[in-house]
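Values below: all heavy atoms of this structure, side chains included; hydrogens, waters and symmetry mates excluded. Chain A is the first sequence line, chain B the second, and so forth, proteins listed ahead of strands; every chain is numbered from 1.
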There are 2 protein chains.
Amino acid sequence: MSGTSPDFASLLRGAGLRPTRQRVALARVLFGSGHRHVTAESLHAEVKATRIPVALATVYNALNQFRDAGLLREVVVAPGRSYFDTNTSHHHHFFIETDGELHDFPSDKVTIAGLPAPPKGTRLSRVDVVVRVRR
Amino acid sequence: MSGTSPDFASLLRGAGLRPTRQRVALARVLFGSGHRHVTAESLHAEVKATRIPVALATVYNALNQFRDAGLLREVVVAPGRSYFDTNTSHHHHFFIETDGELHDFPSDKVTIAGLPAPPKGTRLSRVDVVVRVRR
DNA sequence: TTCACTTTTAGAATTATTCTAAATTACTTG
DNA sequence: CAAGTAATTTAGAATAATTCTAAAAGTGAA
């Protein structure tokens with residue numbers, strides 16, 4: 001097999017970020033397979049498990065940079081903890097309050113009607129829908 | 001004028017909470033006029049301004065108790081800060097990202113259709129809609 | 001290579017929140 | 001209304017998530 005592995009360096013360069021060792025390692029974990037939801041801590045643990053040295057501060061830096069570059073979306077569902085979602089397309093979330101799990105669901109079928117206009121002087125950034133459930 | 005001032009002690013008792021001096025003071029600020037959005041810090045500052053001594057820890061305790069008793073609703077819109085809303089009826093929020101302001105809007109006109117069923121083993125807790133805007 | 005600039009790092013600092021143990025206060029009951 | 005008991009408040013320490021800092025290491029252009 002040749003050329004089948006995604007080119008994370010280009011992905012990063014395209015986002016205006018130097019493809020350093022740790023950014024590539026983080027990108028590999030984040031974007032190497034299907035969509036993911038991570039916290040800084042969980043991502044840090046995962047990358048360290050691949051034997052590439054990364055400081056937690058670097059994970060925070062990278063998550064913020066990736067988010068700013070549009071590679072990730074930050075989801076705020078619980079006080080005191082940020083989740084980052086590799087799915088940046090339009091979609092919504094299930095949040096299982098009892099165990100802190102977050103799941104995507106497509107926005108295709110969802111229709112929201114009757115939203116008021118943004119207060120004047122502001123422009124719409126996005127609409128978040130979080131369906132909270134408990135076990 | 002007689003008997004026009006709301007009876008915060010009864011409100012608290014009805015919620016199963018002893019009407020202590022600081023809880024009554026907090027309730028007065030929270031529920032004394034129209035609906036409010038507060039953070040622990042902002043509420044603490046407001047109540048201290050009424051010359052009733054309250055520790056910040058007490059504000060946190062009370063906010064959590066009021067929330068558990070259904071007197072307040074906790075709204076999570078920004079990482080690392082919790083807002084509490086005195087409006088516990090069904091409604092949604094505008095969040096002005098650029099300055100951290102939160103505003104209610106009624107859910108009357110809003111219709112959400114096509115939401116998926118809760119994952120099995122879970123029951124719906126609530127649906128949050130946050131319309132994020134920026135200046 | 002070398003140089004200029006970026007990035008990473010460990011650890012300290014910051015911020016929001018919770019915990020602790022002691023002091024105070026609220027609600028009985030006599 | 002005096003006491004006793006349990007609930008509450010408090011100051012400050014503790015914790016947790018995140019950001020900052022200054023120094024060391026890495027990156028890419030020439």
S.K.: Taking the nucleotide of DNA chain C with the closest heavy atom to each, which residue, A:Leu56 or B:Ala40, is nearer the 5' end?
M.R.: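 Looking at the nearest nucleotide for each, A:Leu56 comes out on the 5' side.
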
S.K.: State whether B:Arg134 and B:Asp99 are salt-bridged, where the test is any N-O pair (Lys NZ or Arg NE/NH1/NH2 against Asp/Glu carboxylate O) under 4.0 Å.
M.R.: no

S.K.: Hey, which of these two, B:Arg81 or B:Ala57, hits DNA chain C nearer its 5' end, going by closest nucleotide?
M.R.: B:Arg81

S.K.: Starting at OH of B:Tyr83 and ending at P of C:dA16, how long is that distance when rounded to a whole Å?
M.R.: 10 Å

S.K.: Check each residue of residues 17-32 of chain A for a non-hydrogen atom within less than 4.0 Å of any atom in DNA chain D, then write out the ones that pass by number, or none.
M.R.: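 Close to the strand are A:Arg18, A:Pro19, A:Arg21.
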
S.K.: Could you check A:Glu74 against A:Ser82 for side chain to side chain donor-acceptor pair (under 3.5 Å), going step by step and ending with a plain yes or no?
M.R.: CA-CA 7 Å; A:Glu74 187 169 9; A:Ser82 267; 2.6 Å; yes

S.K.: Compare side-chain N and O positions of B:Tyr60 against OP1 and OP2 of C:dT18 and report whether any pair is under 4.0 Å apart.
M.R.: no

S.K.: Whole angstroms only, please: what is the CD-P distance between B:Gln65 and C:dT18?
M.R.: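 From B:Gln65 CD to C:dT18 P: 12 Å.
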
S.K.: Under 4.0 angstrom, heavy atoms only, what part of the nucleic acid is B:Ser82 near: base, sugar-phosphate, or nothing?
M.R.: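 Here B:Ser82 touches the backbone only, sparing every base.
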
S.K.: Report, one line per pair, each donor and acceptor closer than 3.5 Å where one atom sits in a side chain of residues 29-38 of chain B; sequence neighbours left out.
M.R.:
unit_1, atom_1, unit_2, atom_2, d
B:His35, ND1, B:Thr86, OG1, 3.1
B:Arg36, NH1, B:Glu46, OE1, 3.3
B:Arg36, NH1, B:Glu46, OE2, 3.3
B:Arg36, NH2, B:Glu46, OE2, 2.7
B:His37, ND1, B:Leu102, O, 3.1
B:His37, NE2, B:Asp85, OD2, 3.0
B:His37, NE2, B:Asp104, OD1, 2.7

S.K.: Starting from C1' on D:dT27, measure out to CG on A:Leu12 and report it in whole angstrom.
M.R.: 14 Å

S.K.: When the distance from CG of A:Leu43 to C1' of D:dT18 is rounded to whole Å, what number comes out?
M.R.: 15 Å

S.K.: Begin with the C-alpha distance, continue with both residues' side-chain angles, and end with the deciding distance and a verdict on salt bridge (charged side-chain N to carboxylate O under 4.0 Å, His left out) for B:Arg73 and B:Asp128.
M.R.: CA-CA 11 Å; B:Arg73 167 169 160 184; B:Asp128 283 349; 3.4 Å; yes

S.K.: Would you kindly give the NE2-to-P distance between A:His44 and D:dT18, to the nearest whole Å?
M.R.: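 Taking NE2 of A:His44 and P of D:dT18, I get 13 Å after rounding.
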
S.K.: Can you work out whether B:Pro79 or B:Asn61 has the more 5'-proximal nearest nucleotide on DNA chain D?
M.R.: B:Asn61

S.K.: In whole angstrom, what separates A:Asn64's CG from C:dT8's P?
M.R.: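 One finds 13 Å between P of C:dT8 and CG of A:Asn64, rounded.
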
S.K.: In whole angstrom, give the distance that lies between atom CD1 of A:Ile52 and atom C1' of C:dT8.
M.R.: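 Interatomic distance, CD1 of A:Ile52 to C1' of C:dT8: 14 Å.
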
S.K.: For B:Arg21 versus B:Ile52, what's the shortest heavy-atom pair and its separation?
M.R.: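 Where B:Arg21 meets B:Ile52 most closely, the heavy atoms are NH1-CG1, 4.2 Å.
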
S.K.: What is the distance from CZ of A:Arg67 to P of D:dT18, rounded to the nearest Å?
M.R.: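 Atom CZ in A:Arg67 sits about 11 Å away from atom P in D:dT18.
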
S.K.: Transitively linked via ILVMFWY side-chain contacts under 4.5 Å: A:Val131 with B:Val110?
M.R.: yes

S.K.: Give me the atom names and distance for the closest heavy-atom approach of B:Phe66 to B:Arg23.
M.R.: CZ-O, 4.0 Å

